[in-house]
Amino acid sequence: MAPGIPAALERPHFIGIGGAGMSGIAKILAQRGAKVAGSDAKESATAEALRALGATVHIGHAAGHLADDASCVVVSSAIRPDNPELVRAAELSVPVVHRADALASLMDGLRAIAVAGTHGKTTTTSMLAVALFGLGLDPSYAIGGDLEGPGTNAAHGEGDLFVAEADESDRSFQKYAPRVAIVLNVELDHHANYASMDEIYESFETFTGRIVPGGTLVVSADQGGAVELTRRVRGREGLQVVTYGEAEGADVRVHKITPRGLTSEVTVVLDGRYLTFTVSVPGRHYALNAVAALAAGVALGVPAHNLASALGTYTGVKRRLQLKGEAGGVQVIDSYAHHPTEMAADLEAMRGAATGSRLLVVFQPHLFSRTQELGTEMGQALALADASVVLDIYPAREDPVPGVTSALIIEAAQAAGADVTAVHDKAAVPAAVAGMARPGDLVLTMGAGDVTDLGPRILDHLSN
């Protein structure tokens with residue numbers, strides 16, 4: 001199947017084309033034959049990958065980068081109104097399209113699976129994409145991280161399935177109309193856009209209300225916010241609800257999760273039958289992500305046994321407990337976790353894998369607003385490590401907030417009994433960590449910012 005290109009997206013210009021979400025849409029459009037162009041703040045492997053697909057990628061932002069014949073300008077919520085290319089688009093009367101609208105249009109005519117939740121979206125979307133591809137179903141997919149196997153975050157497939165990560169942070173997931181939606185969890189996050197849990201629930205209710213008639217909601221039976229969402233939406237006409245998890249009444253019930261080093265063996269009860277399969281990444285939370293993917297695939301008619309076997313071929317996404325290397329007997333692993341729940345889950349997974357070894361963490365807080373609201377919980381999560389180094393806050397799209405610094409996290413961590421050191425100069429971290437580490441230790445770089453760059457540098461210092 002080869003869906004056409006909407007007229008508005010025949011010659012799109014992406015502002016911030018190198019971003020995880022934006023680049024995925026750009027790649028799919030380029031593969032479908034669109035004349036793609038865009039700009040990004042700096043050179044990257046993503047920019048090169050886009051050029052290899054025929055896209056024009058400018059470095060830096062300038063009005064002259066926008067071609068006069070552009071059919072639209074694609075933006076995300078992170079693009080500021082004074083961006084020179086956005087200003088130029090207004091002067092030329094070029095339509096502005098939000099990233100979510102562009103992605104929604106790419107799903108038209110296909111059976112879409114949208115994966116939502118405060119945590120775990122990228123992993124679960126990736127698991128489904130890899131498994132469906134392995135079964136020969138050739139899905140299209142758009143993910144917020146690069147798959148270890150294909151090494152890309154998006155692709156146009158010839159099948160009739162489209163698997164997409166659905167971002168709740170700016171409510172943009174309300175644009176999609178999936179046949180199957182997964183909700184992994186519902187928690188308060190993205191404090192710049194949501195003032196309360198009630199607003200979060202309302203947003204997820206709107207998202208689930210977009211599921212096509214006769215479609216299916218796959219939702220956690222274990223996590224409190226997801227259980228409350230289920231209570232609110234169950235009984236809607238035309239909506240099938242399938243719960244999964246360890247709760248006794250789950251429709252797809254997890255009977256047992258057995259850790260096996262950096263993998264897990266999972267046994268579920270599905271339609272009264274026991275089914276056991278391997279998850280090739282560590283941690284209970286990743287095992288539960290795989291069960292959610294299994295339930296969604298079965299809802300689409302994929303045989304459970306075949307799908308379970310295919311899920312075992314998933315080896316990870318970059319930055320989701322990704323092994324960066326080993327030097328001096330020390331393994332360095334990278335984690336994207338930046339919310340306390342994610343941090344605790346990844347630290348527990350690594351604690352299980354570090355039997356008899358120490359777990360050292362390099363944590364970079366992400367966003368002033370998140371640190372202001374959740375800094376205490378972040379510090380408490382770091383108590384799961386043997387020792388931690390905490391960097392300054394990575395601001396991303398935000399301006400500083402007076403009085404909000406990584407000291408909020410450090411004080412909370414120390415109050416919880418954690419061994420924590422503040423390092424304000426990122427360049428000093430590799431030497432500091434190499435000085436702390438001993439053979440057999442695990443080092444975890446953690447956060448959604450540029451802390452990921454430190455892994456190779458730590459390995460260099462360990463080698464020396």
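Positions are given from 1 along the sequence.
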Atom pair OG1/NE2 of Thr341 and His119 - distance to nearest 0.5 Å: 4.0 Å

Main chain of Gly21, side chain of Arg99: is a donor-acceptor contact present, judged purely on distance under 3.5 Å? no

Residues at least two apart in sequence or cross-chain that pass side-chain contact (heavy atoms from CB on, under 4.5 Å) with Leu384, listed by chain then number, are Ala344, Leu347, Glu348

Would you please test Thr276 and Glu265 for side chain to side chain donor-acceptor pair (under 3.5 Å) and show each step? CA-CA 7 Å; Thr276 299; Glu265 185 178 86; 5.6 Å; no

Ring-plane angle category for Tyr274 and His255, please: parallel below 30°, perpendicular beyond 60°, tilted otherwise. perpendicular

Out of curiosity, Asp334 CG to Thr452 OG1, how far, rounded to the nearest 0.5 Å? 3.5 Å

Hey, what's the ring geometry for Phe207 with Phe173, parallel, tilted or perpendicular (30° and 60° as the breaks)? parallel

For the student: nearest non-hydrogen atoms of Tyr314 and Ser126, plus distance: CE1-CB, 3.6 Å

Least distance between heavy atoms, Ile17 atom then Ala37 atom: CD1-O, 3.8 Å

Could you state the interatomic distance from CG (Leu311) to CG (Asn306), rounded to the nearest 0.5 Å? 11.0 Å

Using 0.5 Å steps for rounding, measure from the CG atom of Asn153 to the CD atom of Glu165. 9.5 Å

Which atom pairs, one a donor and one an acceptor, fall under 3.5 Å between side chains of residues 239-250 and the rest of the protein, sequence neighbours left out?
unit_1: Thr243; atom_1: OG1; unit_2: Asp251; atom_2: N; d: 3.0
unit_1: Thr243; atom_1: OG1; unit_2: Asp251; atom_2: OD2; d: 3.2
unit_1: Glu246; atom_1: OE1; unit_2: Arg284; atom_2: NH1; d: 3.3
unit_1: Glu246; atom_1: OE2; unit_2: Arg284; atom_2: NH1; d: 2.4

Minimum heavy-atom separation for Leu307 to Gly297, with atom names? CD2-CA, 3.5 Å

Please assess Asp346 against Ser335 for the test side chain to side chain donor-acceptor pair (under 3.5 Å), listing each intermediate value before the final yes or no. CA-CA 8 Å; Asp346 276 5; Ser335 164; 2.7 Å; yes

Verdict with reasoning, Val218 to Val252, per side-chain contact (heavy atoms from CB on, under 4.5 Å): CA-CA 10 Å; Val218 174; Val252 181; over 6 Å; no

Is the CZ atom of Phe133 crowded by more than 12 outside heavy atoms at less than 6.0 Å? no

Would you find a donor on one side and an acceptor on the other, under 3.5 Å apart, between the side chain of Thr263 and the backbone of Ser280? no

Side chain proximity check, Pro12 to Val36, heavy atoms < 4.5 angstrom: yes

Flag the pair Val281 / Met127 as yes when at least one side-chain heavy-atom distance between them is below 4.5 Å, and no otherwise. yes

Reported CG-to-OG1 distance for the pair Leu300 and Thr216, which is rounded to 0.5 angstrom: 7.5 Å

Using side-chain contact (heavy atoms from CB on, under 4.5 Å), reason through Ile25 and Val74 one step at a time and then give a plain yes or no. CA-CA 10 Å; Ile25 299 166; Val74 183; 5.5 Å; no

Test item: Glu187 side-chain N/O and Thr118 main-chain N/O as donor-acceptor pair under 3.5 Å: no

Residues 75-82 side chain polar contacts: donor-acceptor under 3.5 Å, at least two apart:
unit_1: Ser76; atom_1: OG; unit_2: Ala78; atom_2: N; d: 3.2
unit_1: Ser77; atom_1: OG; unit_2: His98; atom_2: NE2; d: 3.1
unit_1: Ser77; atom_1: OG; unit_2: Asp170; atom_2: OD2; d: 2.4
unit_1: Arg80; atom_1: NH2; unit_2: Arg397; atom_2: O; d: 2.7

Single hit among Leu323, Leu444, Val443, Leu462 for side-chain contact (heavy atoms from CB on, under 4.5 Å) with Gln331: Leu323

Charged N to carboxylate O under 4.0 angstrom, Glu398 versus Arg370? no

Measure across Ser203 and Tyr194 and return the closest heavy-atom pair with its distance rounded to 0.1 Å. OG-OH, 2.9 Å

What pairs meet the salt bridge (Lys or Arg N to Asp or Glu O under 4.0 Å) rule with one or both residues in residues 230-242, with sequence neighbours excluded? Asp198-Arg232, Glu205-Arg232, Glu228-Arg231, Glu228-Arg232

Side chains of Glu199 and Arg171: does their closest heavy-atom pair fall under 4.5 Å? yes

Min side-chain heavy-atom separation Ile182-Leu128 under 4.5 Å: yes

Please check this pair: side chain of Glu377 against backbone of Pro340, looking for a donor-acceptor N/O pair closer than 3.5 Å. no

N/O donor-acceptor pair under 3.5 Å between Lys27 side chain and Ser23 backbone: no

Hey, mind stepping through Leu29 and Ile5 against side-chain contact (heavy atoms from CB on, under 4.5 Å) and telling me if it holds? CA-CA 7 Å; Leu29 282 167; Ile5 302 169; 4.0 Å; yes

Within the side chain of Asp138, is there an N or O that forms a donor-acceptor pair under 3.5 Å with the backbone of Gly157? no

Closest approach of Glu85 to Ser39 (non-hydrogen atoms, all atoms of both residues): OE1-OG, 2.6 Å

Flag side-chain contact, heavy atom, 4.5 Å: Ser309 against His305: yes

Flag, side chain of Ser172 to backbone of Asp167, donor-acceptor distance under 3.5 Å: yes

Flag the pair Leu294 / Leu275 as yes when at least one side-chain heavy-atom distance between them is below 4.5 Å, and no otherwise. yes

Check step by step if side-chain contact (heavy atoms from CB on, under 4.5 Å) holds for Val94 and His13. CA-CA 10 Å; Val94 176; His13 179 92; over 6 Å; no

Asp450 vs Gln364 side-chain heavy atoms within contact, under 4.5 Å: yes

Restricting to side chain to side chain donor-acceptor pair (under 3.5 Å), what partner residues turn up for Arg253, sequence neighbours left out? none

Say whether, by atom type as modelled, one donor and one acceptor occur between the side chain of Arg11 and the main chain of Lys35 under 3.5 angstrom. no

Verify, without hydrogens or angle tests, whether Arg32 (side chain) and Leu106 (backbone) share a donor-acceptor contact under 3.5 angstrom. yes

Approximate separation, where rounding is to 0.5 Å, of Thr125 OG1 and Asn289 CG: 9.0 Å

Would you indicate whether the side-chain heavy atoms of Thr122 and Tyr336 approach each other to under 4.5 Å? no

With no hydrogens and no angle check, is any side-chain donor or acceptor of Gln223 less than 3.5 Å from a backbone partner on Val186? yes

Is there any salt bridge (Lys or Arg N to Asp or Glu O under 4.0 Å) pair reaching into residues 36-52, and which pairs are they, with sequence neighbours excluded? Glu43-Arg51, Glu48-Arg51

Identify the two heavy atoms, one from Val97 and one from Ala102, that lie closest to each other, and give their separation to 0.1 Å. CG1-N, 3.9 Å

Could you please spell out the steps behind the side chain to side chain donor-acceptor pair (under 3.5 Å) verdict for Ser220 and Asp222? CA-CA 5 Å; Ser220 171; Asp222 300 330; 4.7 Å; no

